[in-house]
Amino acid sequence: MKKTGAQILCESLIKEGVEVVFGIIGGAVLPIYDTFPQYPQLRHILVRHEQGAAHAADGYARVTHRAGVCLATSGPGATNLVTGIACAYMDSAPMVAITGQVARPFIGKDAFQETDITGITLPITKHNYIVTDVTELAKTVKEAFHIAQTGRPGPVLIDIPRDVQQEQTDFVYPDKLDLLSYKVVSRGHPVQIKKAAKLINEAEQPVIIAGRGIIISQAYDELKEFAEKAQLPVAHTLLGLSSFPGNHILDLGMLGMHGTGCANMAVQEADLIIAIGMRFDDRATANTREFAPHARIIHIDIDPAEIGKNVPTEVPVVGDVKSVLTAMNKEIERREHVDWLSQIEQWRYEHPSLEIRQSDELLPQYIVHQIYEATQGDALVVSGVGQNQMWAARYFVYTKPNSFISGGGLGPMGFELPAAMGVKVGRPEEVVWCVAGDGGFQMTIQELATLTQENIAVKIAIMNNGYLGMVRQWQELFYGRRYVDTKLWNPDFVKVAEAYDIPGIRVKRREEVIPAIQKAMEYPGAFLIDFLIEPEENIYPIVPPGESLARFFEPSRPEVLEGKI
Amino acid sequence: MGGKLTDTKHTLIALVEDKPGVLNRIASLFRRRAFNIQSLAVGGSEQPGLSRMTIVTGGDAAQVEQVRKQLEKLINVVKVSDITEEDMVTRELALIKVKATASTRSEIIQIVDIFRANIVDVAPGSLTVEVTGDENKLNSLLGLLRDFGIKELSRTGRIALTRGGSP
Ligand SMILES: Cc1ncc(C[n+]2csc(CCOP(=O)(O)OP(=O)(O)O)c2C)c(N)n1
Ligand SMILES: [Mg+2]
């Protein structure tokens with residue numbers, strides 16, 4: 001029986017196990033939406049901005065380990081997806097973005113709502129397609145999911161002209177792929193694994209840097225065995241948080257620009273760095289020329305192009321983290337590293353990472369930590385971008401695997417709410433906290449409507465400092481306190497929430513924090529807390545731009561900032 | 001002719017799927033990673049459905065290795081080899097329209113003969129020369145013809161293969 005392109009798309013999605021599509025309708029996808037009622041097993045979530053659809057699909061993907069799907073019409077619908085696609089690309093999240101395109105006879109004519117979305121997304125997708133023949137559609141969908149979900153995951157876009165959606169052909173979902181040139185390595189080379197193990201067995205001051213690759217590969221147990229067997233302390237990149245228990249004696253917390261003093265010192269003094277599923281992002285390494293000056297470097301990653309890209313490595317192991325660590329665990333010896341670990345304890349003591357200063361003001365660090373206490377870590381935390389992101393990263397103790405979701409690579413303000421929405425849809429049984437910035441929240445605030453319409457119970461904690469706080473902090477520290485265009489006039493977020501039929505409370509004082517969090521958790525649906533925090537609170541430590549990781553500033557080390565302003 | 005290059009010029013050979021947009025993907029990757037393409041030549045290969053590209057680019061070995069690996073990640077790219085250090089045969093073709101008068105015509109023809117190039121078009125005020133060879137040969141010929149006045153020039157850019165077994 002012949003089927004339309006739209007039907008073929010829906011059936012192909014179902015074959016791929018898709019349950020949810022985030023999107024907004026428009027002229028160039030009308031035929032697709034028109035067939036949705038025939039496929040009740042596909043849940044469509046109508047968002048309020050396509051950026052929200054893409055971030056939601058991304059959040060969904062990160063917690064389900066399956067491609068998130070977003071759908072937009074041609075032209076403005078498609079261009080609105082761009083930020084969300086770029087974010088998924090930077091953070092290696094699997095996504096299939098589907099866009100409508102003007103009908104084939106109009107392509108290239110600057111037709112109404114025609115944009116070259118495959119051209120636009122070329123550098124921010126793992127691959128993209130324009131389907132100009134309906135007989136290619138099923139095969140394209142199959143390839144897209146395969147590419148998005150395997151190897152180093154990433155977004156794939158499929159652009160489908162409107163008339164292709166209406167054209168008919170026989171539907172056969174291919175069971176084989178013929179991707180001539182797409183190969184995925186999974187197992188690491190045994191020689192490289194042996195070499196790496198030798199370095200590990202000989203090291204005196206080793207440090208693991210755990211990245212998001214561990215989470216993507218779901219290698220939590222393998223990493224734990226690895227670290228424990230050879231007593232290897234674990235520092236994390238921002239997105240590597242929650243790949244290893246944050247309360248483990250070997251855990252050092254996050255490294256980098258706002259990393260813990262202990263993690264940064266350990267990395268700079270290490271004689272061996274074992275970098276796992278991470279890409280030496282400059283926010284993690286600070287000045288790369290001075291990065292880990294005494295260390296030999298082992299780099300385990302599935303993407304060969306990451307090897308040596310930012311930092312030269314001595315022993316690369318290209319492969320899937322889980323399989324490489326499994327092999328490595330057989331090769332490494334039990335070690336104690338007594339001196340090294342006691343040195344690390346000394347740094348931990350000198351730079352306590354969870355210490356919160358005494359203040360009468362409402363401090364964001366305290367709030368985030370109270371969310372941790374209230375949930376006992378049994379929650380998924382989605383952050384915005386800026387100070388709130390760093391507080392969420394640093395003051396919640398991530399003991400649950402894959403429980404911190406953040407737009408780390410792109411850093412798009414406005415990620416928090418739609419991503420949290422996708423996370424909650426993907427893992428409805430979990431408690432999902434959205435730690436938002438008052439600035440970022442207003443970039444995608446309209447998704448409150450989606451929460452209500454679709455009954456998505458996200459708990460929102462706005463770190464309301466009345467500033468574009470992270471930038472204000474830079475102005476304070478590096479631009480002579482000249483606060484140019486960082487002060488925000490904000491609406492009453494509780495009233496805004498109420499207008500969207502979401503209850504909320506405003507919290508001004510410390511003693512109101514715990515009851516407010518309790519109230520939010522007890523309420524069955526979405527809930528918003530507007531925390532009016534100390535406006536000029538900073539995130540410390542901070543490594544000033546251009547400095548090495550060891551030169552982090554915290555109020556007790558004023559010398560680091562001297563001459564910076 | 002051919003042989004090893006010691007400068008920072010690198011010759012990459014890419015085997016790519018013959019599909020719409022592939023050239024764009026490759027060019028776009030060079031731009032995005034801030035690499036410059038000195039020349040790019042593309043055409044059919046021995047395998048149906050696959051094209052072979054010869055890309056000449058500058059940079060140190062580590063940079064070129066990075067761009068090579070990024071290229072290999074493109075879905076439509078089958079394989080990319082940096083054959084700079086290999087024993088290779090390289091060729092380029094140029095069409096040169098050179099000013100010619102009654103008095104210079106025979107001198108030009110002599111030069112063309114020495115380079116084993118061909119005259120492919122003769123017009124009242126010009127001769128069009130076709131020459132194949134490596135860049136050095138083309139550059140020397142161009143150097144000599146420049147004195148007569150070059151009206152138009154079109155070069156294909158380098159194509160290359162390794163000698164003997166494939167890389
Ligand atoms: C879309 C976008 N625009 C601008 C920026 C630059 N930027 C980074 S952090 C930041 C401030 C964010 O303010 P807010 O959401 O209130 O978070 P805070 O830092 O105050 O916690 C800005 C403007 C960005 N990351 N993303
Ligand atoms: Mg703010």
Side-chain angles (χ1 to χ4, degrees), chain A residues 86 89-90 92 107-108 116-133 136 139-140 143-144 146-148 150-159 177-185 279-280 288 299 301-313 316 318, chain B residues 8 10 12-37 40 42 44-53 55 57 59-82 84-85 166-167:
Chain A
Y89 184 69
M90 293 289 276
S92 310
I107 290 179
D116 172 16
I117 195 64
T118 46
I120 290 171
T121 58
L122 197 75
I124 53 165
T125 49
K126 189 169 170 187
H127 195 52
N128 63 25
Y129 297 89
I130 175 159
V131 182
T132 50
D133 182 344
E136 296 275 302
K139 169 179 171 282
T140 304
E143 282 185 17
H146 180 70
I147 291 169
T150 54
R152 178 178 181 173
V156 177
L157 180 135
I158 311 174
D159 197 26
L177 291 152
D178 67 25
L179 279 166
L180 179 64
S181 57
Y182 179 73
K183 299 171 283 293
V184 177
V185 265
R279 57 186 176 82
F280 295 96
T288 46
H299 189 188
D301 202 281
I302 198 159
D303 181 358
E306 285 302 337
I307 306 298
K309 186 183 76 181
N310 294 340
V311 167
T313 46
V318 176
Chain B
T8 56
H10 283 253
L12 301 179
I13 302 275
L15 205 57
V16 306
E17 288 182 272
D18 182 14
K19 286 196 175 155
V22 174
L23 184 60
N24 186 14
R25 285 176 201 279
I26 288 175
S28 160
L29 192 138
F30 272 83
R31 179 194 52 76
R32 138 124 176 74
R33 300 269 168 195
F35 265 86
N36 115 56
I37 300 179
L40 187 155
V42 54
S45 77
E46 71 286 357
Q47 299 176 57
L50 293 185
S51 305
R52 181 169 270 108
M53 279 188 188
I55 305 163
T57 181
D60 67 35
Q63 290 171 321
V64 175
E65 177 60 2
Q66 170 62 202
V67 85
R68 190 193 67 76
K69 288 195 285 193
Q70 295 290 356
L71 282 172
E72 271 200 338
K73 270 168 64 174
L74 295 177
I75 305 297
N76 301 129
V77 172
V78 181
K79 188 173 169 59
V80 186
S81 327
D82 182 351
T84 312
E85 298 293 321
S166 61

Distance-minimising heavy-atom pair for B/Gln66 and A/Ile307: NE2-O, 4.4 Å

Closest non-hydrogen contact found for A/Leu180 with B/Glu17 is CD2-CG, 4.2 Å

Output the distance between atom NZ (A/Lys309) and atom CD (B/Gln63), rounded to the nearest 0.5 Å. 14.0 Å

Atom pair CG (B/Asn24) and CG (A/Leu122), whose distance is rounded to the nearest 0.5 Å: 5.5 Å

When every non-hydrogen atom of B/Asn76 is compared with those of A/His127, the smallest separation belongs to OD1-CE1, 3.4 Å

What heavy-atom pair brings B/Lys69 and A/Pro304 nearest, and what distance separates the two atoms? NZ-O, 3.0 Å

Toward chain B, the part of A/Asn310 with a non-hydrogen atom under 4.5 Å: neither

Mind checking the OG-CD spacing from A/Ser181 to B/Glu72? Nearest 0.5 Å is all I need. 10.0 Å

Region of B/Arg25 that comes under 4.5 Å of a non-hydrogen atom in chain A: both

B/Leu50 versus chain A, the contacting section by heavy-atom distance below 4.5 Å: side chain

